Amino acid sequence: MTPTNPAPVSDAELQALVDAARAVRAHGHAPYSNFLVGAAVLDEAGRMHAGCNVENAAYPQGWCAETSALAHLVSAGGRRVRAVAVVGVAADPVTPCGGCRQKLREFAAGDCPVWIADLNTVRLRTTLADLLPHSFGPEHLT
Ligand code: THU
């Protein structure tokens, strides 16, 4: 069974995550795609962890903003993702790539809210379950 998140996350907390993702996006290293992305996750202690995309001249060695944010969460001792924000600028809302959806799934329950924003507005309010339905997760291995 998929674990449920401990408490609903408020819109104010999600907006703070969006702000953190916007701020960290400016530090992205994206000289090849010129496509900056920022992400932020809220942990079980109410802490926010933000990260940007980090590209590499050896293209496959780059990684996504969500991966950076998760690395910060785990490095700080966090083990749950209660909410996610992703910020990017494109015609369509910049949703997490497939690999990052699975990486987020490792730490997030299905009802985890995911807000997708650009520099000015929140473009999409969704959940991890909507982004990655019928997902495989740690519970399958226990
Ligand atoms: N990227 C992210 O950081 N997160 C996403 O959700 C989508 C894509 C990055 C990877 C790469 O550095 C750039 O955006 C273009 O794909």
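Keep in mind that this is a model prediction, so the values were computed, not measured. Residues take their numbers from the sequence shown, with the count starting at 1. What's counted below: heavy atoms across the whole structure, side chains too, no hydrogens, waters or symmetry copies. Order of appearance sets the numbers: ligands from 1, and atoms from 1 within every ligand.
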Could a heavy atom of Pro96 be found less than 4.0 Å from some atom of ligand 1?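 It does, in that a heavy atom of Pro96 comes within the 4.0 Å cut-off of ligand 1.
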
Ala30 touching ligand 1 at heavy-atom level, < 4.0 angstrom: no

Under 4.0 Å, heavy atoms only, figure out whether ligand 1 is touched by the backbone of Cys64, its side chain, both or neither. both

Would one find an N or O of Glu66, backbone or side chain, under 3.5 Å from an N or O of ligand 1? yes

For Asn53 and ligand 1, does the shortest N/O to N/O distance drop below 3.5 Å? yes

Please check if a non-hydrogen protein atom sits closer than 4.0 Å to atom 14 (O) of ligand 1. yes

Quick one: look up the protein heavy atom nearest atom 3 (O) of ligand 1 and list residue, atom name and how far away it is.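 In this structure, atom 3 (O) of ligand 1 has Ala65 N, 2.8 Å as its nearest protein heavy atom.
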
Nearest to atom 16 (O) of ligand 1, what protein heavy atom do you find, and at what distance?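 Nearest protein contact, heavy atoms only, for atom 16 (O) of ligand 1 is Phe35 CD2, 4.7 Å.
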
Under a 3.5 Å distance rule, please check whether [X] uses its side chain to pair with a backbone N or O of [Y] as donor and acceptor.
X	Y	value
Glu13	Ser10	yes
His72	Ala50	yes
Arg80	Asp43	no
Glu44	Arg79	yes

Atoms in ligand 1 flagged as close to Val37, the criterion being non-hydrogen separation under 4.0 Å: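 The list of qualifying atoms is 1 (N), 2 (C), 3 (O), 4 (N), 9 (C), 14 (O).
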
I need the atoms of ligand 1 closer than 4.0 Å to a non-hydrogen atom of Glu55, numbered in the order shown.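 The atoms of ligand 1 under 4.0 Å from a heavy atom of Glu55 are 11 (C), 12 (O), 13 (C).
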
Between Arg105 and Glu139, does at least one N-O distance fall below 4.0 Å, as a salt bridge requires?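 Looking at Arg105 and Glu139, the cut-off is met.
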
What I want to check is whether the side chains of Ser33 and Glu55 have a donor and an acceptor closer together than 3.5 Å.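 Yes.
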
Is it true that the side chains of Arg101 and Thr95 contain a donor and an acceptor less than 3.5 Å apart?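 Checked: Arg101/Thr95 side chains pair up, N/O donor to acceptor below 3.5 Å.
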
Once the angle between the rings of Tyr32 and His29 is folded into 0 to 90°, is it parallel (under 30°), tilted (30 to 60°) or perpendicular (over 60°)?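 Rings of Tyr32 and His29: perpendicular, over 60°.
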
The option among Val54, Thr95, Val86, Ile116 carrying the non-hydrogen atom nearest to atom 7 (C) of ligand 1 is Thr95

